[in-house]
Amino acid sequence: MVPIPGIRLQKAIWPREEMSYVWAIKVRGNPGAFRRSLMFSAWSYLGFETYQLLSPAAVVHAAAKGFRVEEVLQQADYLYESGETERLYQLLIQHKDSEDAELLWRLARASRDLAQLSGTSAEEKKALVYEALEYAKRALEKNEASFAAHKWCAICISDVGDYEGIKAKIANAYVIKEHFEKAIELNPKDATSIHLMGIWCYTFAEMPWYQRRIANMLFAAPPSSTYEEALGYFQKAEQGKTYLKLQNKKLAAFWLLKAKDYPTRTEEDKQIQREAAQLLAEFSGKN
């Protein structure tokens, strides 16, 4: 039997779908060191113990001593933006029994990201993929109005399809589409959901006739779409990306201002403050 193309979404997911506030700005000199330092100063200004995140033991300690959901979410988002996949998973897995949808969909995302790492074995990857789906489903049960829960449910269902055969993959396609459509309805500006909906449409629009015939043998009405539908979603996704960049410019200016005014204690602090002031001046001159 000729395999019917599945919906391969992992290539379409942007490395960091929620762009970092400060990282959206082009930085001169040593971008990596400055961006990390600036984020540390910004979070410290708000009272978060960001430096503790550098220690794996600190993550465990922060969760063990009793937690506020908002605090864990802030730590989780920091680790996500920093690409600290394993630490992020270790932080969130301690709250796997949480009733909070925001924690659960982030845990689904972290589980999936961990599964994608090159050092993850095939057996571990499969377990993590199914684990991610369960967390995404639970997030949706806790809050059906969460666009992120719908989005990650769709992505995780697609991943699980790789292990369940062609018939299940086609059947799942209907569910995947429904979740993406709901995510877009709840958040029309989420470029990732819109882009992935475009991928869905393109996948079924380009299905060759002989593969479609096989699908017809399995289902009375297999999923279908057109190139025009796919193009429409891709165009909307670009609009969403533009909106995201505009929003992040405002947030970036906010964080740069905070960094510029943050009290200096060390020579590194002073250097960060000077660079923040310079960037803020350049940024203001362009807007």
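In this chain, residues are counted from 1 in sequence order.
- The two residues N172 and E164 make their nearest non-hydrogen contact at ND2-OE1, 4.2 Å.
- Expressed to the nearest 0.5 Å, how far NE2 of H179 lies from NZ of K182 amounts to 11.0 Å.
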- Given K169 and D162, is the side-chain contact (heavy atoms from CB on, under 4.5 Å) satisfied, shown in steps? CA-CA 7 Å; K169 185 171 288 188; D162 290 342; 3.2 Å; yes
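- Shown here is K126, whose NZ atom has no more than 12 heavy atoms of other residues, nucleotides or ligands within 6.0 Å.
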- Item | K151 vs D190, salt bridge (charged side-chain N to carboxylate O under 4.0 Å, His left out): CA-CA, chis, key distance, verdict | CA-CA 10 Å; K151 173 169 64 178; D190 181 47; 3.2 Å; yes
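- Counting heavy atoms from C-beta on, the side chains of E131 and I93 come closer than 4.5 Å.
- The heavy-atom pair separating F204 from A173 by the smallest distance is CZ-CB, 3.6 Å.
- Side-chain contact between L186 and S146 is absent, with no heavy-atom pair separated by less than 4.5 Å.
- By the rule that hydrophobic residues join a cluster once side-chain heavy atoms approach within less than 4.5 Å of another member, L79 and L104 end up as members of separate clusters.
- Nearest heavy atoms, A132 versus S111: CB-CB, 3.8 Å.
- Using a distance-only test at 3.5 Å, with no hydrogens or angles considered, no donor-acceptor pair links the side chain of N187 to the main chain of A183.
- No side-chain heavy atom of C156 sits under 4.5 Å from any side-chain heavy atom of Y135.
- Summarising the geometry, atom SG belonging to C153 is positioned 6.0 Å from atom CG belonging to L133; distances are rounded to the nearest 0.5 Å.
- With a 4.5 Å cut-off on side-chain heavy atoms, E181 and M197 count as touching.
- Under the 3.5 Å distance criterion, with hydrogens and angles disregarded, a donor-acceptor pair is assigned to the side chains of E229 and S225.
- Interatomic distance, CD of E123 versus NZ of K125, reported as 14.0 Å (0.5 Å rounding).
- When all heavy atoms of A149 and N143 are compared, the pair lying nearest together is CB-O, 4.5 Å.
- Side-chain heavy atoms closer than 4.5 Å link hydrophobic residues (I, L, V, M, F, W, Y) into clusters, and following such links, possibly through other members, connects L91 to V69.
- A heavy-atom distance below 4.5 Å is not found between the side chains of R68 and V72.
- W105 and V175 end up in the same hydrophobic cluster when Ile, Leu, Val, Met, Phe, Trp and Tyr side chains are linked at under 4.5 Å.
- At distances below 3.5 Å, at least one donor-acceptor pair connects side-chain atoms of H150 with backbone N or O atoms of E144.
- Contact record, L88 with A76: CD1-O, 3.4 Å, taken as the closest heavy-atom pair.
- Without hydrogens or angle criteria, T120 side chain to L114 main chain gives a donor-acceptor distance under 3.5 Å.
- With hydrogens and angles ignored, the 3.5 Å screen pairs no side-chain donor or acceptor of S82 with any backbone N or O of E84.
- Clustering ILVMFWY residues whenever any of their side-chain heavy atoms sit less than 4.5 angstrom apart, transitively, puts I176 in the very cluster that holds V160.
- Linking Ile, Leu, Val, Met, Phe, Trp and Tyr whenever their side-chain heavy atoms come within less than 4.5 Å leaves F147 and Y233 in two separate clusters.
- Geometrically, R109 engages Y80 in a cation-pi contact defined by less than 6.0 Å to the ring centre and at most 45° from the axis.
- Separation of atoms CG (D97) and CG (L103) is listed at 11.5 Å; rounding is to 0.5 Å.
- Seen from the ring of F180, K177 does not count as a face-on cation partner, given the 6.0 Å and 45° thresholds.
- Using the six-membered ring where Trp is involved, Y202 and F234 have ring planes that are tilted, between 30° and 60° apart.
- Salt bridge annotation for R138-E134: absent, with no cationic side-chain nitrogen under 4.0 angstrom from a carboxylate oxygen.
- A salt bridge links D159 with R112: the distance from a Lys NZ or Arg NE/NH1/NH2 to an Asp or Glu carboxylate oxygen falls below 4.0 Å.
- Counting heavy atoms from C-beta on, the side chains of L140 and W152 never come closer than 4.5 Å.
- Looking at Y89 and L128, their side chains come closer than 4.5 Å, going by heavy atoms from C-beta outward.
- A distance of 13.5 Å separates CD in Q235 from NE2 in H195, rounded to the nearest 0.5 Å.
- Looking only at side-chain heavy atoms (C-beta outward), E86 and L117 come within less than 4.5 Å of each other.
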